[in-house]
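Proteins come first, then strands; the chains are lettered A, B, ... in the order of their sequence lines, and each starts at number 1. Side chains included, hydrogens not; waters and symmetry mates left out as well; all remaining heavy atoms used.
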2 protein chains.
Amino acid sequence: MTLTDISRFRRLSRAVTTQTGALDHSFLGLGRPLGTARVLNAIGHGKNDVGALRDYLGLDSGLMSRLLRGLEGEGLIETGPSQTDARRKVAQLTKAGQAAFEQYETLSDQSAKGVLSRYSNTEHLLQAMDLVATVLGRDQIEILIADPDDLRIQTCVQAYCDELSEILGVTFDRQTSGDPEAESLRTPKGVFLLAMSDGLPIGCCALKGQSDGMGEVKRMWVSPSARGLGLAKQLMFQIEDHARSLGMTRLRLDTNGKLTAALSLYRNDGWQDIPRYNDNPYAEFFFEKRLGSASSIG
Amino acid sequence: MTLTDISRFRRLSRAVTTQTGALDHSFLGLGRPLGTARVLNAIGHGKNDVGALRDYLGLDSGLMSRLLRGLEGEGLIETGPSQTDARRKVAQLTKAGQAAFEQYETLSDQSAKGVLSRYSNTEHLLQAMDLVATVLGRDQIEILIADPDDLRIQTCVQAYCDELSEILGVTFDRQTSGDPEAESLRTPKGVFLLAMSDGLPIGCCALKGQSDGMGEVKRMWVSPSARGLGLAKQLMFQIEDHARSLGMTRLRLDTNGKLTAALSLYRNDGWQDIPRYNDNPYAEFFFEKRLGSASSIG
DNA sequence: ACACTTATCTGACTTAAGTCAGGTAATATG
DNA sequence: CATATTACCTGACTTAAGTCAGATAAGTGT
């Protein structure tokens, strides 16, 4: 790590503080203090539970209470006890609150448009932004179990297919590659993991349940903007954990020789080369891993 | 512009607010309020003039005064009247102030290192950060006149040569290409423009004075991180303005066919193809532009 | 039913930040 | 030289933000 690298990063940091400072400041243009505006926006974005709100915004419970009271006084929100636990409170936007929220949204969108229009190669810029945001927000990457039919999973799988088509130089057809039945990717047979970073799906990995304690790993994909962070390894680790808790003892997967990063991931992670076990025309390498026992899912 | 583009940008914005919020917050770890810390850091970074400080940090004169008094009370700075104008004040770090400043610097460096170490392809990440920072900080790009021997100019010219070598596939030698005498690039004969974005040199362009109202444009270069912002056009516009005010009536330049962006810039900007006028072996295209009269340098 | 925990509220604080109307000394201008 | 103007200072304010110690009501475990 050279000194110049650091100064280059700090340049981004400064640029970004200024810019987002300006963004936040623009919120003040609507006449509400920043704290109040933040609460209003968080509620607008679907954070209704007061406890979750406090957590998300990092506010003291006393302060939170007062801010909510203020918004209530302005007629922008309504609060009431949670249905499941009357100690908890939930907040909702009133019609007036929805209107105020949309003002903020419009402002924010305009600001974003303004920045994006400054640069001619928008896609290039957005990719850079994706990468920076993913790296800065790394702590907030969360891996969750999703349904195979979930729209976010579909987005990932589509990206996976598009990318394979490009790398292999032929159209990658899901059916031909042996697209698993959705049912075999749901609990209790299997599982579909989805990696999310601040609302954006950035990776997935499926575990397909078979018989005799055998499982197959499919659709391992990590978005280009999230590569180099060790996400694939993390996904694989969790897949193995799930496999164990589903009673599986062996895992298999197939892959293509052009996916060198995947090959080295598997080989460094205890997978053994085995002979072809299916007729997937895109597959050139086949791996198996025997699972040990002890483990836990964090 | 699609909705997704906007949401992708806003994702960066959020990630970055959080991160830089954390960065700023780390400043609080040293027990000084943010305002005080900002003033101390600004002075440490060479902003000594109190008026310039106020301007830079956007503070009210009363507040500024109090913050300075506080730092003085802690023994971290010393202030005194400016030598040129006794109404003005200048502030300097004391030995203790220097030590405190370095604590902040160390903290900031560590934080930057931490983020950079999260991602394996550091250069790729830094390029993305450069691009984002440049776009976000576009308003702060400033073009100034620099001496040909200025280190920042040398950095740009070196990058220019390296890049040409790569594009042309042969080592680009400055001497062979007709490296101009430094004197012909200084006022009153010519000018060397330097584009800076928040402390980083991101582009340059030289105007070489010749005889008979003739000038030659040399060393037009814009950093990859700053392309697509129209900076080359801006540089060229200012070069032409300087040429006029130096009494020039015609400009020439040569370029290589592989530099397609440059070719279209010149052709769209009123330059006429002319026959070869020198023996620069790297040059394949030659242009001339006749300068009109009225103009001003903003 | 009992003590205990949890989620939110309230009132009384503190601190940071910023605003504004003069005040003073140095400098610029006619 | 008298009269602005400028740069900074001071004191009296306001607002936003945050802290903390109870209070209250709802839920939990034995």
Side-chain angles (χ1 to χ4, degrees), chain A residues 17-18 21-22 24-43 47-74 76-92 104, chain B residues 17-18 21-22 24-43 47-74 76-92 104:
Chain A
T17 313
T18 314
D24 283 348
H25 240 76
S26 75
F27 274 17
L28 297 176
L30 299 185
R32 262 177 287 272
L34 192 57
T36 312
R38 291 214 304 155
V39 172
L40 182 67
N41 275 276
I43 296 174
K47 306 257 180 211
N48 294 98
D49 196 83
V50 170
L53 259 174
R54 225 176 31 223
D55 227 46
Y56 176 69
L57 298 172
L59 298 176
D60 173 87
S61 81
L63 184 50
M64 183 82 248
S65 181
R66 260 178 282 271
L67 291 175
L68 287 175
R69 200 89 344 94
L71 285 168
E72 229 169 0
E74 285 190 79
L76 299 176
I77 63 167
E78 280 168 349
T79 62
S82 159
Q83 301 207 331
T84 55
D85 181 343
R87 288 172 305 179
R88 282 199 161 82
K89 233 181 185 175
V90 288
Q92 279 186 325
Y104 284 108
Chain B
T17 313
T18 315
D24 284 347
H25 240 74
S26 74
F27 274 17
L28 297 175
L30 299 184
R32 259 176 290 271
L34 192 57
T36 312
R38 290 214 303 155
V39 172
L40 182 67
N41 275 276
I43 296 174
K47 306 255 181 217
N48 294 100
D49 194 83
V50 169
L53 258 174
R54 225 174 32 222
D55 226 47
Y56 176 69
L57 297 173
L59 299 176
D60 173 87
S61 81
L63 184 50
M64 182 83 246
S65 181
R66 260 179 282 272
L67 291 175
L68 287 175
R69 203 87 341 98
L71 285 167
E72 228 168 0
E74 285 190 79
L76 299 176
I77 63 166
E78 278 167 351
T79 63
S82 160
Q83 301 207 330
T84 55
D85 181 343
R87 287 172 304 180
R88 283 199 160 81
K89 234 183 185 176
V90 288
Q92 279 188 324
Y104 285 108

Engineer: Who passes side chain to side chain donor-acceptor pair (under 3.5 Å) against Gln92(A), sequence neighbours left out?
Structural biologist: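 Applying side chain to side chain donor-acceptor pair (under 3.5 Å) to Gln92(A) gives none.
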
Engineer: List for me each residue that meets side chain to side chain donor-acceptor pair (under 3.5 Å) alongside Glu78(B), sequence neighbours excluded, and say none if there are none.
Structural biologist: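 Result, side chain to side chain donor-acceptor pair (under 3.5 Å) vs Glu78(B): none returned.
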
Engineer: Can you build the contact string for nucleotides 8-14 of chain D? Use B for base contact, S for sugar-phosphate-only contact, and - for no protein heavy atom under 4.0 Å.
Structural biologist: SBBBB--

Engineer: For the pair made of CG in Leu34(A) and C1' in dA17(C), what is the distance, rounded to whole Å?
Structural biologist: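 After rounding, the reported distance stands at 13 Å.
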
Engineer: Counting distance only, does the side-chain N/O of Asp55(B) pair as donor-acceptor with the main-chain N or O of Gly51(B) below 3.5 Å?
Structural biologist: no

Engineer: May I have the list of side-chain donor-acceptor pairs in residues 62-70 of chain B shorter than 3.5 Å, sequence neighbours left out?
Structural biologist:
from	atom 1	to	atom 2	distance (Å)
Ser65(B)	OG	Arg69(B)	NH1	3.0
Arg69(B)	NH1	Ser65(B)	O	3.4

Engineer: Whole angstroms only, please: what is the CZ-P distance between Arg32(B) and dA17(C)?
Structural biologist: 13 Å

Engineer: Could you state the atom-to-atom distance from CG of Leu59(B) to P of dA7(D) in whole Å?
Structural biologist: 17 Å

Engineer: What pairs with Ser82(B) under side chain to side chain contact (heavy atoms under 4.5 Å, CB included), at least two apart in sequence or on another chain?
Structural biologist: Thr84(B), Arg88(B), Val90(B)

Engineer: Which residues pass the side chain to side chain donor-acceptor pair (under 3.5 Å) test with Ser61(A), not counting sequence neighbours?
Structural biologist: none

Engineer: Taking CG from Leu53(A) and C1' from dA7(C), how many angstroms apart are they, rounded to a whole number?
Structural biologist: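 Rounding to the nearest Å, CG of Leu53(A) and C1' of dA7(C) are 14 Å apart.
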
Engineer: Check the distance between dT15(D)'s C1' and Leu67(A)'s CG and give it to me in whole angstrom.
Structural biologist: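 Going from CG in Leu67(A) over to C1' in dT15(D) covers 13 Å.
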
